[in-house]
Amino acid sequence: MNPTTREPEISLKALRHSAAHVLAQAVKRLFPSAQVGIGPATEEGFYYDFHFERPFSPEDLQKIEAEMKAIIAERSPIVRRALSRKEARDLFSEKDEPFKLEILHGIPEESEITVYDQGDFTDLCRGPHVPDTGEIGAVKLLSSSGAYWKGTEGNPSLQRIYGTAFPTQKELDDYLVHLEEIRQRDHRKLGKELGFFKTLDENGAGMVLWLPRGARIRRVIEDIWKIRHDRHGYQYVYTPHIARLDLWKKSGHWDFYRDSMFSPMEIEGAEFELKPMNCPFHILIFKESIQSYRDLPVRFAELGTVYRYERSGTLHGLLRVRGFTQDDAHIFCRPEDIATEIGKVLKLVDEMLLPFGFTNRSVYLSTRPEGSVGSDENWEVATRALEEALRTSGIPYEIDPGEGVFYGPKIDMKFHDVLGRTWQLSTIQVDFNLPEKFDLTYRDVSGKDVRPIMIHRALLGSVERFFGILVEHFKGAFPLWLAPEQVSILTIADRHIPYAEKIARALEASGIRVTTDFRNEKIGLKIREAQLLKVPQMWIVGDREMKEGTVSLRHRDGSPGGAIPWESAKSDIENENRSGLALG
RNA sequence: GCCGGCGUAGCACAGUGGUAGUGCAGUCGAUUCGUAAUCGACAGGUCGUCGGUUCAAUCCCGACCGCCGGCUCCA
């Protein structure tokens, strides 16, 4: 791109950081009483926070953007200047910038204080910046919102203006196309258009109603999940949605996570609580059924729906809800079996996620955090076991120091979707805490009672969230084996209905998801509607097909598949279903 | 929860201090028509909920519920 740029990502960051300064300069020109907060570059652009007596309107943003373009056209040099502490203090006192003074106050004694000048604007900043404002080839303001000073609730509320900048207009235009693509893929938009799910005011925020078309996809996902877990030696269990509050007190959830739990309800004098997790139930099942090392490892799996209080402002489609289904399982094993068990889970992660096209991932091993429970020895053993499992599986990973859960180390996996966005899906966590709290033991070979290790793991995370991600990943066009309707049979005229009906019954009998459109409508309309619903295959039947025992195949992308005998079209789908479900 | 925006028929959207429209979907009728929208008629809304201001509110004000963009949070 730019031959003079040796480190493009660093220079793009500098460019955007400079664009943030230009934003602040523009705001100060148009609204001199606005006070500046901070204005960094971000992954995709930049923002700047301002304290101002009224909110910025979209019209304000337009004016500010125009002013920014004027500043860029001025090509003001951006000049670094080192100041003494006192000079800096005087400068920002005089400018009446209390937030800058607060930042200044927080800079360690030994650090150098620098400011950057550009035209009539000076900002406290450690840089780096591009040499002059003219380097910013293209800039656009995207949105504004509230933000707390220093991100802390209770601090003054500032107004944050977001924007992005690129060296060239072409790159900005490409980015805007990318944003539009993300908007088009939004699972909330597609979920509505394609009839996948609903959240209703009447029903309550963050509670998902799965409509039939979404539910069909969910069922396929759950079927695959159950089949693979059966094969990996898991035992499926069912547990209730509420439990006595005492159980949550014993597990420690009530102490640690009460803020995220719904309020208890009273039933005949005892308090009950909606479950935020499945683990205590699985522990109770363990306690009831396992005594000997001969029974280990034992793996209890459940698609368990849990309820967590999330603040109203954080809810987001299917990605952040208050009731969701974890693809949960708990493995109880001897300490010496941790690495083997983790290795098996890693294999299962692949088997579960590869079919959905999640081939790219980043893996993180999180180690012991501050204020954790458990002995040094336990942490040491478990962390080493996780590393060993990753190494044996040949999975590259990064260490996330101190990011483990308080009860044990964990492996997190982030997967990349078709747009390159990353989603944390799988998590595997070792737990020393709960076996202790519930005094779990098994009888060892030597006849001693030994505490088992517990492993929590979820592969998809939550079925709701995973589905939302899939909708965006596939843009609503689910692959044949996963689509809510795999085939739509479209008739040309009423006289073709019996033939079409016969085929439809045969498909149903083979477990193929089929819909029919026998309406007295023109074939063009039927095709259009099936295509808008992203049905993978349309089978059109008219006089010719009826006579020859064929169907005329049309794919949802509009490409024709020609006339083929319907039995062979049927077995093609059966084959795809078998490989998709790994039943073959 | 906080800051800002928003909430009109199933969906997408107009609109006004004197109780509302358009398109698609729906229903009915006609059409039986071969690869992305056949024609016509009809019907459909206590304008998110509750309260207030007013002779009169969907429109103004307040609270609540929900949605959107962020902040914060995310065991």
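What you see is a predicted model; the values in this text were computed from it and never measured. The sequence lines fix the lettering, A, B, ..., with proteins before strands; numbering per chain opens at 1.
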Side-chain N,O (A:K198) to OP1/OP2 (B:C11) below 4.0 Å: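 So the side chain of A:K198 is within the cut-off, an N or O lying under 4.0 Å from OP1 or OP2 of B:C11.
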
Between B:U35 and A:R544, is there an OP1 or OP2 to side-chain N/O distance shorter than 4.0 Å?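 Indeed not, no polar side-chain atom of A:R544 lies that close.
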
Hey, can you tell me if [X] and [Y] have their rings parallel, tilted or perpendicular (30° and 60° cut-offs)?
X: A:F474; Y: A:F478; result: tilted
X: A:F467; Y: A:F196; result: perpendicular
X: A:H330; Y: A:F332; result: tilted

- Step by step, work out the ring-ring contact (aromatic ring centres under 6.0 Å, His included) result for A:F406 and A:F256. CA-CA 10 Å; A:F406 74 88; A:F256 270 90; 4.3 Å; yes

Integer angstrom distance from the [atom1] of [N] to that of [M]:
N: B:U46; M: B:U35; atom1: C1'; answer: 46 Å
N: B:C68; M: B:C61; atom1: P; answer: 24 Å
N: B:G15; M: B:A75; atom1: P; answer: 44 Å
N: B:U58; M: B:C50; atom1: C1'; answer: 15 Å
N: B:C13; M: B:A30; atom1: P; answer: 36 Å
N: B:A36; M: B:A41; atom1: P; answer: 28 Å
N: B:G5; M: B:C74; atom1: P; answer: 28 Å
N: B:G4; M: B:A63; atom1: P; answer: 12 Å

Quick one: look up who [N] pairs with, Watson-Crick or G-U, both distances under 3.5 Å, and put none if it's unpaired.
N: B:G23; answer: B:C11
N: B:G45; answer: none
N: B:G29; answer: B:C39
N: B:G51; answer: B:C61
N: B:G4; answer: B:C68
N: B:U16; answer: none

Under-4.0 Å salt bridge between A:K410 and A:D412: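 Between A:D412 and A:K410 there is a salt bridge, with a charged N closer than 4.0 Å to a carboxylate O.
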
Ion pair A:E271/A:R244, N-O distance below 4.0 Å =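 Salt bridge flag = no for A:R244 with A:E271.
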
Considering only side-chain heavy atoms of A:S312, which listed nucleotide, B:G1, B:C68, B:U38, is closest?
->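 The nucleotide sitting nearest to the side chain is B:G1.
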
Worksheet item: Where the side chain of A:I540 is concerned, which of B:A37, B:C68, B:U35 is the nearest nucleotide?
Response: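 Nearest to the side-chain atoms of A:I540, counting from C-beta on, is B:U35.
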
Send over the distance from [X] [atom1] to [N] [atom2], rounded to a whole Å.
X: A:L533; N: B:A36; atom1: CG; atom2: P; result: 16 Å
X: A:F50; N: B:C3; atom1: CZ; atom2: C1'; result: 16 Å
X: A:R528; N: B:U38; atom1: CZ; atom2: C1'; result: 14 Å
X: A:D49; N: B:C3; atom1: CG; atom2: P; result: 16 Å
X: A:E545; N: B:U35; atom1: CD; atom2: C1'; result: 11 Å
X: A:D557; N: B:U35; atom1: CG; atom2: C1'; result: 13 Å
X: A:Q537; N: B:A36; atom1: CD; atom2: P; result: 17 Å
X: A:M207; N: B:G66; atom1: CE; atom2: P; result: 10 Å

Which is true for [X] with a 4.0 Å heavy-atom rule: it touches a base, it touches only sugar-phosphate, or it touches nothing?
X: A:I492; answer: base
X: A:D259; answer: nothing
X: A:K192; answer: sugar-phosphate
X: A:G524; answer: sugar-phosphate
X: A:I527; answer: base

Given protein heavy atoms under 4.0 Å, the one-letter contact record of nucleotides 70-75 of chain B, with B base, S sugar-phosphate only and - none, is simply BBBBBB

5' to 3', nucleotides 43-48 of chain B under a 4.0 Å protein heavy-atom cut-off (B base, S sugar-phosphate only, - none) gives ------

So which one's nearest nucleotide on RNA chain B is more toward 5', A:L200 or A:G558?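 Nearest-nucleotide comparison on RNA chain B picks A:G558.
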
- RNA chain B: A:R322 or A:L158, which has the more 5' nearest nucleotide?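 Taking each residue's closest nucleotide, the earlier one in sequence belongs to A:L158.
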
For the ring pair (Phe, Tyr, Trp, His ring centres under 6.0 Å) test, which of A:Y257, A:F281, A:W254 pairs with A:W248?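 Per the ring pair (Phe, Tyr, Trp, His ring centres under 6.0 Å) rule, the option paired with A:W248 is A:F281, out of A:Y257, A:F281, A:W254.
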
Could you check whether [Y] and [X] have their ring centres less than 6.0 Å apart?
X: A:Y407; Y: A:H456; value: yes
X: A:Y307; Y: A:H241; value: yes
X: A:W423; Y: A:F466; value: no

Check: Between A:W149 and A:E102, is any side-chain donor less than 3.5 angstrom from a side-chain acceptor?
Finding: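 Note: A:W149 and A:E102 side chains meet the donor-acceptor criterion.
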
**Request:** Would you indicate whether A:E43, at its atom CD, is surrounded by more than 12 heavy atoms from other residues, nucleotides or ligands within a distance under 6.0 Å?
**Result:**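 Not more than 12 within 6.0 Å, no.
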
